[in-house]
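Okay, so here's the structure we're looking at.
All heavy atoms count here, side chains included; hydrogens, waters and symmetry mates do not. In this chain, numbering begins with 1 at the start of the sequence shown.
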Amino acid sequence: MFGCLVAGRLVQTAAQQVAEDKFVFDLPDYENINHVVVFMLGTVPFPEGMGGSVYFSYPDSNGMSVWQLLGFVTNGKPSAIFKISGLKSGEGSQHPFGAMNIVRTPSVAQIGISVELLDSLAQQTPVGNAAVSSVDSFTQFTQKMLDNFYNFASSFAVSQAQMTPSPSEMFIPANVVLKWYENFQRRLAQNPLFWKT
């Protein structure tokens, strides 16, 4: 019913069924995993009105399982990418795997999928930094660079009355820098690779 993918590893499709509506995948050497993809295999859909909440579990310093809600998969959203690299030090959340005696080893984390009502999934709040940004790192860098340049240039802004005449220096009006900044942001939003043309 489900698959789990980690970059550089084989796809896992044999989830361990720990209850009628609960499945887990083992993630050995989880300390070196940044992202996990959870997906439906397409062979068995969820029953009408049902979906799967996706959890990440890792052993804390005492060897106890810490579970964190990552998000969900449904028939309408059959796959999801989750960033787990920043979750290992966070606190756990309420989860449906607590009463189960799931065998694990210390360096193995787990992805848990709990089949639940869609109404229940809509009321759950995943851990904040599990979602993968839809903006790529180049676009993020460019946006930060634009903000930094504009803030830096604006910090030197003076009114025309405050300017001291200096024939050897050129001055650029702040509204020109602002116009460039806004145009660049607009073009970047339309096509992040516009600068290549």
Side-chain angles (χ1 to χ4, degrees), residues 1-137 139-140 189:
M1 185 168 189
F2 303 107
C4 179
L5 176 65
V6 173
R9 300 185 185 185
L10 293 174
V11 174
Q12 295 185 50
T13 57
Q16 177 186 356
Q17 189 168 359
V18 294
E20 184 181 338
D21 58 350
K22 310 236 179 332
F23 305 83
V24 295
F25 289 101
D26 287 340
L27 298 177
D29 194 27
Y30 73 95
E31 297 90 348
N32 296 315
I33 298 174
N34 291 319
H35 296 84
V36 172
V37 179
V38 176
F39 57 94
M40 296 176 62
L41 297 175
T43 54
V44 180
F46 283 110
E48 189 66 32
M50 302 294 278
S53 57
V54 180
Y55 291 85
F56 173 63
S57 168
Y58 63 93
D60 67 8
S61 59
N62 298 324
M64 301 299 296
S65 295
V66 177
W67 289 89
Q68 295 178 326
L69 177 65
L70 300 177
F72 61 90
V73 291
T74 65
N75 291 335
K77 182 184 175 247
S79 65
I81 303 171
F82 302 107
K83 181 178 179 184
I84 63 170
S85 58
L87 301 181
K88 297 164 196 145
S89 61
E91 291 184 14
S93 60
Q94 192 172 14
H95 61 85
F97 295 93
M100 300 187 182
N101 195 6
I102 303 171
V103 178
R104 69 172 332 128
T105 57
S107 65
V108 175
Q110 291 177 318
I111 292 292
I113 302 168
S114 176
V115 179
E116 301 174 16
L117 291 170
L118 290 177
D119 292 339
S120 174
L121 294 179
Q123 295 173 13
Q124 297 175 359
T125 305
V127 80
N129 51 351
V132 174
S133 173
S134 60
V135 179
D136 66 39
S137 59
T139 303
Q140 284 181 321

Any side-chain heavy-atom pair of [X] and [Y] under 4.5 Å:
{"X": "Val54", "Y": "Phe82", "value": "yes"}
{"X": "Gln110", "Y": "Trp67", "value": "yes"}
{"X": "Tyr55", "Y": "Ser57", "value": "no"}

Can you give me the closest heavy-atom contact between [X] and [Y], atom names plus distance?
{"X": "Pro28", "Y": "Arg9", "answer": "O-NH1, 2.7 Å"}
{"X": "Asp29", "Y": "Ile33", "answer": "O-CG1, 4.0 Å"}
{"X": "Tyr30", "Y": "Val108", "answer": "CD2-C, 4.0 Å"}
{"X": "Thr74", "Y": "Met40", "answer": "O-SD, 3.4 Å"}

- Message: side-chain hydrogen bond (donor to acceptor under 3.5 Å, both in side chains) for Glu116 and Gln124? Distances and angles first, verdict last.
- Response: CA-CA 11 Å; Glu116 301 174 16; Gln124 297 175 359; 2.6 Å; yes
- Task: Quick one: list whatever passes side-chain hydrogen bond (donor to acceptor under 3.5 Å, both in side chains) with Asn75, sequence neighbours left out.
- Result: none
- Quick one: side chain to side chain contact (heavy atoms under 4.5 Å, CB included) partners of Gln12, sequence neighbours excluded?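 Here the qualifying residues are Cys4, Phe25, Leu27.
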- Taken in chain and number order and not counting sequence neighbours, the residues that satisfy side chain to side chain contact (heavy atoms under 4.5 Å, CB included) with Ser79 are Phe39
- Task: Describe, in one word, how the ring planes of Phe2 and Phe46 are oriented to each other, choosing from parallel (under 30°), tilted (30 to 60°) and perpendicular (over 60°).
- Result: tilted
